Amino acid sequence: MSDEYSPILPFGSEVPTVHAQYSLSQTQPQPKRLSSDEDPLLQQLSEQQRLWADEDSAYSWVIAVCGGLTVFATIGFINTFGVFTDALQKEFGVDSFAISLPPSIANLLVPLIGLLAGGVGDRYGPRWLYVASALCMVGAMFVCAFAHSFWLLSVAYGILMGAAAGLAYTPSLGLVAQWMQRYRSIGMGLVFMEANVGGSLLPLLASYLDDTYGWRKAFQYFSLLPLLLLVAAVLTRQRTGPKVDSKNATDEEDPTNEGSSEGALIPLLSKAVTYLLWVMGFCQAYGFFTPIVHINEYALKQGLDKGQADLALSVLGGAIAVGNLVWGVVGTLLAPLTLLRLSYVLSAVCLGAWPLCKSVTTVLAFAGAAGFCSGGFLTMFTTVVTLNYDSHHSTAIALVFTGWGVGSLVGPVLSGALKDWTAAYMVPAECGAGSFALALILTFLLSLVGKRA
């Protein structure tokens, strides 16, 4: 007898129980949710792997903290370069344009190196990338410490520090995206917060070492920072799951990004949202790195002493760190794209008001306000990027952040050239404010072509 219909029974007869599930008055039974002991996929994992397979588990916070340690050391030190600008200008006799080249080259290379590192991290995890990053950073410290040519220092610092940061930065963010879903904005904020805690504390340490021992000895002492990368290498690992055919698997079947990254760039490059995010990254980097590189020199030009100028850079980094965490927490309650727009508006206002800051109080107030707003778009932009892609998060972040890298090169260099040309900071500041305004406009186009974030 076919299961597609019920048998004809005499009037008043009871329908057999075996056919009750086909009655029109009955709803189709829902599939039973298997326990971890019954699920054949989970049975392929060891006990430890089952713990690691869960999103937003306790171990996911270890991933976020360790990812933050890597950028504390690498990105934090790149953002400390402003402390040494006065000493380097005196020793090598270079202008504002030239002095901005080392960190600009490094910031340009971070996403370019990260594009390669992201694919490796997606497939194999970040452990050996962290080790390679530590080696590059040690090399950068010692070459800079003994460099007797500014161009040698620029190349060594720019290439080796850029490589060190690129090998750690995008794999760390991609790993957080793998492990965290509900609390992703907080996880991203935690990573950026640690980077900017480095950008706050390391300038103070750099200033002390520079004043006490000179900038060359300071670079030698900073060669101890890569130890943090080795700690992260020991404690972190990729999120694991059942082995699937990654070439044919959907995003739901391969959620851990453990499959091959070959061909990942082609589908990413075929999406209009990738190019839109790229331009947004360029615009915000242009505005972001202008004060990061030039606030120390600006403060000195306003009559502040070296200690106060270094304090302004430290306040800027500290405010970014606070902003990373605060905006990240708010990002679990409000739409990340809405918060990104708000951060762009506030950042444009801050940069527009920058040339009006002439005293110690107003310069420090600008540093705090601009830093807090920067913490917002750093956290929210990365969160928005990951929400627009279902897999290969490290590769996607690195690809989009090549726009950030180009902006980090163009912003400080062009700002330095405009400052030398006009002998004032008004034009560079207004150009930075305009870049945030353009990024704000692009967020509305993102609503049309991207995923809802």
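As the structure is a computational prediction, the values presented were derived from the model and not from experiment. FYI, the numbering just counts along the sequence from 1.
- Between S133 and T74, some side-chain heavy-atom pair lies under the 4.5 Å cut-off.
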- Yes or no on side-chain contact (heavy atoms from CB on, under 4.5 Å) for L418 and Y425, after CA distance, side-chain angles and deciding distance? CA-CA 8 Å; L418 290 172; Y425 282 90; over 6 Å; no

- Task: Apply the test side chain to side chain donor-acceptor pair (under 3.5 Å) to residues D86 and N296: give CA-CA distance (whole Å), side-chain angles for both, the deciding distance (0.1 Å), then the verdict.
- Result: CA-CA 9 Å; D86 187 51; N296 190 277; over 6 Å; no

- Give the C-alpha distance, both sets of side-chain angles, the deciding distance and a yes or no for side chain to side chain donor-acceptor pair (under 3.5 Å) between S172 and T70. CA-CA 8 Å; S172 295; T70 67; 3.1 Å; yes

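- Of the residues F288, F282, W278, F381, the one that meets the ring pair (Phe, Tyr, Trp, His ring centres under 6.0 Å) test with W404 is F288.
- Under a cutoff of 6.0 Å and an axis angle of 45°, R341 and F377 do not form a cation-pi pair.
- The environment of K306 atom NZ is dense: over 12 non-hydrogen atoms of other residues, nucleotides or ligands sit within 6.0 angstrom.
- Residues P428 and K419 approach most closely at CG-N, 3.9 Å, considering heavy atoms.
- Within the 3.5 Å criterion, the main-chain N or O of P203 finds no donor-acceptor partner in the side chain of S207.
- In plain terms, the two heavy atoms of S60 and M180 that are nearest each other are CB-CG, 3.9 Å.
- Under a 3.5 Å cut-off, the side chain of T332 and the backbone N or O of Y183 do not form any donor-acceptor pair.
- Remark: side-chain polar atoms of S314 are not paired, donor with acceptor, to backbone N or O of L311 under 3.5 angstrom.
- Between S343 and C373, the shortest heavy-atom distance links the atoms CB-O, 3.8 Å.
- Side-chain contact between W354 and T290 is present, with at least one heavy-atom pair separated by less than 4.5 Å.
- Between F192 and Y169, the ring planes are perpendicular. Angles over 60° get that label, and only those under 30° would be called parallel.
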- Task: Start with the C-alpha distance between T395 and Y389, add both sets of side-chain angles, then the distance that settles side chain to side chain donor-acceptor pair (under 3.5 Å), and finish with yes or no.
- Result: CA-CA 10 Å; T395 306; Y389 300 97; over 6 Å; no

